[in-house]
Visitor: 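Got a structure here, written out as structure tokens. Questions coming.
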There are 2 protein chains.
Amino acid sequence: MEIIQLFKALADETRMRILNLLKNGELCVCDIEDVLDIQQSNASRHLNKLKVAGLIISAKKSQWVYYRVNDEIIIKYPFIIGIINDEFGKINICEDDIERLTQHKASGASCEKRMKRP
Amino acid sequence: MEIIQLFKALADETRMRILNLLKNGELCVCDIEDVLDIQQSNASRHLNKLKVAGLIISAKKSQWVYYRVNDEIIIKYPFIIGIINDEFGKINICEDDIERLTQHKASGASCEKRMKRP
DNA sequence: ATACTATATGATTATAAGTGAATATAATCA
DNA sequence: TGATTATATTCACTTATAATCATATAGTAT
């Protein structure tokens, strides 16, 4: 049952934090690793689970894979909007993650820029 | 994190079916057993999990324990209303369960009446 | 009191899920 | 080409979850 898989995907703190990071746009795996301070294999696995559940989609751009929220699942299950827009903002760790993401982007540490260093 | 526990509680077919049965009012454990055709201990455990997550509350009335949706959790997490009111109706097994519940009630098989049989 | 009913809980087993380390694959760079 | 980077996948391990059977508890009926 598809909706059960949705709930299973949401029922994990790391995946919820990932979905929270993606609420303002797409990110590549390494940015998520850095901001959440988790291992690469772990990030990849959780992203795959969110993807299989239909919550996010991916797009490969040269060597990076960008993940973003899947608009179609939100049309199909409108309650997900309520979670993303209303609930994540109430959770401390999610707010902190957004702050860390902002700093991470500002610091020039994201992967495209990392490549350009000496 | 409370919201993760909510998703975990929802991320199980049996518990989702129980919550669906409770959407129109309270039920005792034995009615849930009968309608879902699950074992008593199984029903009791799933009900406890929904209760610990805050989704339902219980009230003991003589020998029966009645469970019902917890209004407070719905106020706190409005997206839950969307799930109960909009999503369950789209799921075949949930619709079938409501039908079985109706028949069960009509058949006089619910526990209070059972006691009164010869 | 005894028997019965409804519910909860303990013990056990089976299955699923999460993690880290190492490896594989594919793209890019020098 | 060889080295490097980003991502995915496999393996081994550990923990969490679900189902079942048996038993405990509490209320009711006779």
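All chains are named by letter (A, B, ...) in the order of the sequence lines, taking the proteins before the strands, and each is independently numbered beginning at 1.
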Visitor: So, using side chain to side chain donor-acceptor pair (under 3.5 Å) as the criterion, who are the partners of B:Glu87 when residues are at least two apart?
Guide: B:Lys90

Visitor: State whether B:Ser62 places a side-chain N or O below 4.0 Å from either non-bridging phosphate oxygen (OP1 or OP2) of D:dG27.
Guide: no

Visitor: How many Å lie between CD1 on A:Ile56 and C1' on D:dT7, as a whole number?
Guide: 13 Å

Visitor: Rounded to the nearest angstrom, tell me the gap between atom CG in B:Asn48 and atom C1' in D:dT25.
Guide: 16 Å

Visitor: Listed by chain and number, what are the side chain to side chain donor-acceptor pair (under 3.5 Å) partners of B:Asn70, not counting sequence neighbours?
Guide: none

Visitor: Picking from D:dA26, C:dT7, C:dA26, which would you name as closest to the side chain of B:Lys60?
Guide: D:dA26

Visitor: How would nucleotides 14-22 of chain C be written as a contact map, 5' to 3', with B for base contact, S for sugar-phosphate-only contact and - for no contact, using protein heavy atoms under 4.0 Å?
Guide: ---SSBBBB

Visitor: Where do N or O atoms of nucleotides 1-3 of chain C meet protein N or O atoms at under 3.5 Å, pair by pair?
Guide:
none

Visitor: OP1 or OP2 of C:dA6 versus the side-chain N and O atoms of B:Tyr67: is any pair under 4.0 Å?
Guide: no

Visitor: Got a list of protein N/O to nucleotides 1-3 of chain D N/O distances below 3.5 Å?
Guide:
none

Visitor: Can you identify which nucleotide, out of D:dT7, D:dT28, C:dT7, has its nearest atom closest to the B:Gln63 side chain?
Guide: D:dT28

Visitor: Kindly state each residue pair satisfying salt bridge (Lys or Arg N to Asp or Glu O under 4.0 Å) with at least one member in residues 14-23 of chain A, sequence neighbours excluded.
Guide: A:Arg17-A:Asp97

Visitor: Return the stems involving DNA chain C, sorted by first number, where pairs are Watson-Crick (N1-N3 with N6-O4 or O6-N4) or G-U wobble (N1-O2 and O6-N3), both under 3.5 Å, and runs are 3 or more long.
Guide: C:1-30 with D:1-30

Visitor: Kindly list each side-chain donor-acceptor pair under 3.5 angstrom involving residues 72-82 of chain B, sequence neighbours excluded, with atom names and distances?
Guide:
from, atom 1, to, atom 2, distance (Å)
B:Lys76, NZ, B:Glu2, OE1, 2.9
B:Tyr77, OH, B:Glu2, OE1, 2.5

Visitor: Please collect all salt bridge (Lys or Arg N to Asp or Glu O under 4.0 Å) contacts where either partner lies in residues 62-71 of chain A, sequence neighbours excluded, each pair once.
Guide: A:Glu26-A:Arg68

Visitor: Who passes side chain to side chain donor-acceptor pair (under 3.5 Å) against B:Thr102, sequence neighbours left out?
Guide: none

Visitor: Apply side chain to side chain donor-acceptor pair (under 3.5 Å) to A:Lys51 and list each qualifying residue two or more places apart in sequence or on a separate chain.
Guide: A:Ser58

Visitor: By the ring pair (Phe, Tyr, Trp, His ring centres under 6.0 Å) test, which pairs, at least two apart or in different chains, include something from residues 23-58 of chain B?
Guide: none

